[in-house]
Amino acid sequence: MTEVSSLTGRLLVAAPALADPNFIRSVVLLLDHDDEGALGVILNRPGPVGVGDILGSWAALAGEPGVVFQGGPVSLDSALGVAVIPGDEGPVGWRRIHGAIGLVDLEAPPELLGGALGALRIFAGYAGWGPGQLEGELADGAWYVVESEPGDVSSPRPEGLWRAVLRRQRSKLAMFATYPDDPSLN
């Protein structure tokens, strides 16, 4: 098997032609990527359930809109916390993924992290790929790989994140930000 160059910490932005209903117009933050596969969370799928309804002790620390996001189609009964911690050192209960972005141990007492958190989002489920699966989708043009920014995790308008991430690219990708939802209506 060939060695995989890790994309951990980068964003997968769904190409306009990606028709899988789980990933249409999605922006996925890759939390792990190696030769055994990849795991990430969809950053732009806010759900109808408030964080306080499921993880009451974390509700006060969750950023707006204060809901549980659908992280992906796998293990919807599990929760992942992704937080931005400014500075070089993170608190106990937080593991750096890339830059200021990291995973929160939701089993830890929220008081351990409360003062350090810059932003927190809670995700139900995740997106996962087996060995070579993501690489195949990339080769097929299903995803654009771009750099993440800490603000992506806490975007105040998550529904507009797909367009916003594409718009900030300094390449031809930026023009896809204006791609219509249904090109047949043009």
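Because only heavy atoms are used, hydrogens play no part in the values below, and waters and symmetry mates are left out as well, while side chains stay in. Since we're looking at a predicted model, the values are computed, not measured.
With sequence neighbours left out, the ring-ring contact (aromatic ring centres under 6.0 Å, His included) criterion links Tyr126 to no other residue. Scored by the ring-ring contact (aromatic ring centres under 6.0 Å, His included) test, Trp162 finds no partners at all (sequence neighbours excluded). For Ala62, the side-chain contact (heavy atoms from CB on, under 4.5 Å) test picks out Val51, with sequence neighbours left out. In this view, Glu159 satisfies the salt bridge (Lys or Arg N to Asp or Glu O under 4.0 Å) rule with no residue, not counting sequence neighbours.
In terms of modelled atom types and a separation under 3.5 Å, the side chain of Ser75 and the main chain of Asp77 share no donor-acceptor contact. Between the side chain of Gln133 and the backbone N or O of Gly130, at least one donor-acceptor pair lies under 3.5 Å. Here the side chain of Asn44 pairs a donor or acceptor atom with the backbone of Val27 at under 3.5 angstrom.
Val146 and Leu173 get closest at one heavy-atom pair: CG1-CD1, 3.9 Å. Closest approach of Gly40 and Trp129 over heavy atoms only: N-CZ3, 4.3 Å. Residues Leu29 and Gly9 approach most closely at CD1-O, 3.8 Å, considering heavy atoms. Nearest heavy-atom pair, Asn22 versus Arg45, reported as atom, atom and distance to 0.1 Å: O-NH2, 3.8 Å. Closest heavy-atom contact between Leu18 and Ile24: O-CG1, 3.5 Å. Heavy atoms only, all atoms of each residue included: Ala38 and His33 are closest at CB-CD2, 3.6 Å.
In this structure the side chain of Leu7 never reaches within 4.5 angstrom of the side chain of Ser5, judged on heavy atoms. In this structure the side chain of Trp143 reaches within 4.5 angstrom of the side chain of Leu134, judged on heavy atoms. A 4.5 Å side-chain heavy-atom check between Val28 and Arg10 finds every atom pair outside the cut-off. The closest side-chain heavy-atom distance from Tyr144 to Pro16 is below 4.5 Å. Side-chain contact check for Leu30 versus Val41: every heavy-atom pair is 4.5 Å or farther apart.
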Going by atom type alone, with no hydrogens or angles, which donor-acceptor pairs under 3.5 Å involve a side-chain atom of residues 94-121 and a protein atom two or more places apart or on another chain?
unit_1: Trp94; atom_1: NE1; unit_2: Ala83; atom_2: O; d: 3.3
unit_1: Arg96; atom_1: NH1; unit_2: Gly99; atom_2: O; d: 2.4
unit_1: Arg96; atom_1: NH2; unit_2: Asp88; atom_2: O; d: 2.6
unit_1: Asp105; atom_1: OD1; unit_2: Glu107; atom_2: N; d: 2.9
unit_1: Arg121; atom_1: NH1; unit_2: Val153; atom_2: O; d: 2.9
unit_1: Arg121; atom_1: NH2; unit_2: Glu64; atom_2: O; d: 2.7
unit_1: Arg121; atom_1: NH2; unit_2: Ser155; atom_2: O; d: 2.9

Would you mind writing out the side-chain donor-acceptor pairs for residues 66-74 within the sub-3.5 Å range, not counting sequence neighbours?
none

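Here CG of Leu43 is found 9.5 Å from OG of Ser26. Values are rounded to the nearest 0.5 Å. Distance CD1/Ile54 to CD1/Ile122: 9.5 Å, rounded to 0.5 Å. Put simply, CE on Met175 and CD on Gln169 are 13.0 Å apart, with the number rounded to the nearest 0.5 Å. Distance check: Leu161 CG to Ile42 CD1 gives 11.5 Å after rounding to the nearest 0.5 Å.
Surrounding CZ of Arg168 are more than 12 heavy atoms belonging to other residues, nucleotides or ligands, all under 6.0 Å away.
In the hydrophobic clustering of ILVMFWY residues, with side-chain heavy atoms under 4.5 Å counting as a link, Val92 and Trp58 come out together. Tracing side-chain contacts under 4.5 Å through hydrophobic residues (I, L, V, M, F, W, Y), one never reaches Ile85 starting from Phe123; they form parts of separate clusters.
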